[in-house]
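Inspection log for the structure reproduced underneath, given as structure tokens.
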Amino acid sequence: GNAWLATCRLIGYGLLTVLLLLPQIAALICWPRFARYIPRTHHWLAARVVGLCVRGEGEIATGKSIFFVSNHVSYFDIIALGSILQGNFVAKSDVATWPIFGPLARLCGTLFIERRSTGAIKQVDIIRSRLERGDSLIVFPEGTSSDGSRVLPFKSTLFAAVEGTAIIVQPISIHYSRLNGMPIGRAYRPFYAWYGDMDLAPHLWSALSLGVAEVVIRFHAPVRASAFSDRKTLAKYCHAQISRGLGPDTPYEAPLDLA
């Protein structure tokens with residue numbers, strides 16, 4: 001990789017974050033409604049700084065209280081999805097303790113939840129209250145990241161927050177497809193996919209030292225949660241749609257009638 005390129009990108013991301021940090025803090029204090037738009041601007045600019053070319057396919061569900069469901073490949077998913085989606089991420093509580101990333105996630109309105117089953121009901125209530133408030137949420141039901149070649153089993157607990165409601169759920173497939181115009185095969189997936197026991201710092205440095213990566217985000221047909229008998233059925237449906245969307249030539253299905 002190119003160490004000079006990685007250095008420039010790291011400095012650029014740092015400067016961008018600092019420049020938008022004070023406006024975000026001021027907005028949270030004085031204009032909370034406006035504060036929700038700054039993170040998207042940050043992610044949109046950050047994608048270009050770190051070398052991500054984000055390409056969306058399909059139609060994004062519109063309106064308030066959308067429950068976006070995505071597979072999870074890397075920490076780059078946050079930048080890629082955040083650059084084209086207006087919504088708040090739902091993350092594991094331990095992310096809040098990460099240096100730099102934790103405080104930034106809080107300022108961006110990330111909702112932190114415990115993955116332990118003992119607090120499941122409370123976590124579901126927190127997610128439901130945010131949706132009832134009109135916030136759109138982006139969740140990763142796998143509970144961890146993978147190499148991007150397949151979708152890991154979903155934890156259906158998160159879906160309990162929308163079970164039996166009229167809330168719109170939209171499955172999303174995120175796929176790191178090309179590096180410098182060439183297809184990313186199995187050998188190159190670990191350069192962007194962050195999973196298992198990989199260390200964050202060396203992985204980030206390696207990814208930033210490469211060229212431009214194309215990230216394809218496929219938006220599948222939105223559905224109403226109430227159209228499914230229970231949360232597990234809804235989770236299986238989303239898992240199937242997202243898995244189908246990881247192929248290179250997946251056709252886009254027309255939106256369903258949500259009336």
Side-chain angles (χ1 to χ4, degrees), residues 32-33 35-37 39-40 56-72 77-78 81-82 84-93 95-96 105-106 108-144 151-174 217-245 252-259:
R33 289 181 178 273
R36 69 178 62 184
Y37 299 105
R40 182 174 177 183
E57 295 182 356
E59 298 180 24
I60 302 174
T62 57
K64 295 182 178 181
S65 306
I66 309 298
F67 195 67
F68 296 106
V69 180
S70 175
N71 61 309
H72 195 17
D77 298 350
I78 307 301
L81 289 168
I84 58 176
L85 274 182
Q86 190 65 54
N88 299 114
F89 289 94
V90 177
K92 294 183 291 185
S93 57
V95 175
R106 286 189 182 278
C108 290
T110 299
L111 175 60
F112 297 105
I113 62 171
E114 296 280 351
R115 292 287 188 178
R116 293 175 299 181
S117 58
T118 53
I121 296 177
K122 180 181 178 182
Q123 305 308 315
V124 166
D125 289 341
I126 292 173
I127 294 173
R128 185 181 292 122
S129 66
R130 287 286 291 267
L131 289 167
E132 290 174 349
R133 199 171 74 184
D135 292 345
S136 291
L137 299 178
I138 306 164
V139 301
F140 301 112
E142 291 167 293
T144 186
V151 184
L152 300 177
F154 279 0
K155 301 181 185 304
S156 65
T157 305
L158 289 173
F159 293 88
V162 299
E163 187 174 16
T165 71
I167 287 174
I168 294 175
V169 179
Q170 183 164 39
I172 301 170
S173 301
I174 184 165
I217 300 178
R218 295 189 170 109
F219 294 91
H220 302 283
V223 295
R224 287 201 185 277
S226 56
F228 298 82
S229 59
D230 54 45
R231 72 176 193 274
K232 292 185 177 181
T233 306
L234 175 58
K236 287 180 180 178
Y237 170 82
C238 290
H239 187 280
Q241 293 300 305
I242 295 169
S243 296
R244 180 171 169 267
Y252 170 68
E253 62 269 36
L256 302 180
D257 183 5
L258 300 177

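- Once rounded to the nearest 0.5 Å, the distance linking CD1 of I113 with NZ of K122 reads 12.5 Å.
- Residue E57 comes nearest to R218 through the heavy atom pair OE1-NE, 2.9 Å, listed as atom of the first residue, atom of the second, then distance.
- Counting only distance, with no hydrogens or angles, the side chain of S65 and the backbone of L131 share a donor-acceptor pair below 3.5 Å.
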Check against side chain to side chain contact (heavy atoms under 4.5 Å, CB included), T233 and D230: CA-CA 6 Å; T233 306; D230 54 45; 2.8 Å; yes
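- A parallel orientation is assigned to the rings of F159 and F154, their planes being inclined by less than 30° (bins at 30° and 60°).
- Looking at every heavy atom in both residues, I84 comes nearest to G56 through CD1-CA, 4.5 Å.
- Residues L81 and F89 are in side-chain contact: their nearest non-hydrogen atoms beyond the backbone lie under 4.5 Å apart.
- Considering every non-hydrogen atom in both A160 and R128, the closest pair reads O-NH2, 2.9 Å.
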Candidate pair V169 and Y237, rule side chain to side chain contact (heavy atoms under 4.5 Å, CB included), full reasoning: CA-CA 11 Å; V169 179; Y237 170 82; over 6 Å; no
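- Taking both residues in full, the closest heavy atoms of L234 and A225 are given as CD2-CB, 4.1 Å, listed atom of the first, atom of the second, then distance.
- Rounding to the nearest 0.5 angstrom, the gap separating the OG atom in S156 from the CD atom in E163 is 8.5 Å.
- Contact record, L137 with R130: CD1-CB, 4.2 Å, taken as the closest heavy-atom pair.
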Stepwise salt bridge (Lys or Arg N to Asp or Glu O under 4.0 Å) check, R133 with D135: CA-CA 6 Å; R133 199 171 74 184; D135 292 345; 2.8 Å; yes
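- At least one side-chain heavy atom of V139 sits under 4.5 Å from a side-chain heavy atom of V90.
- H72 and F140 have parallel rings, their planes meeting at less than 30° on a 0 to 90° scale where 60° marks the start of perpendicular.
- Between the side chain of N71 and the backbone N or O of I174 there is at least one donor-acceptor pair closer than 3.5 Å.
- Using modelled atom types, no side-chain atom of Q170 and backbone atom of F67 make a donor-acceptor pair closer than 3.5 Å.
- Distance CD1/I60 to CD1/I172: 7.5 Å, rounded to 0.5 Å.
- Using a 4.5 Å heavy-atom threshold, the side chains of Q123 and I126 count as touching.
- A donor-acceptor contact shorter than 3.5 Å links the side chain of S136 to the backbone of I66.
- In terms of heavy-atom proximity, A221 sits nearest to P171 at O-CD, 3.7 Å.
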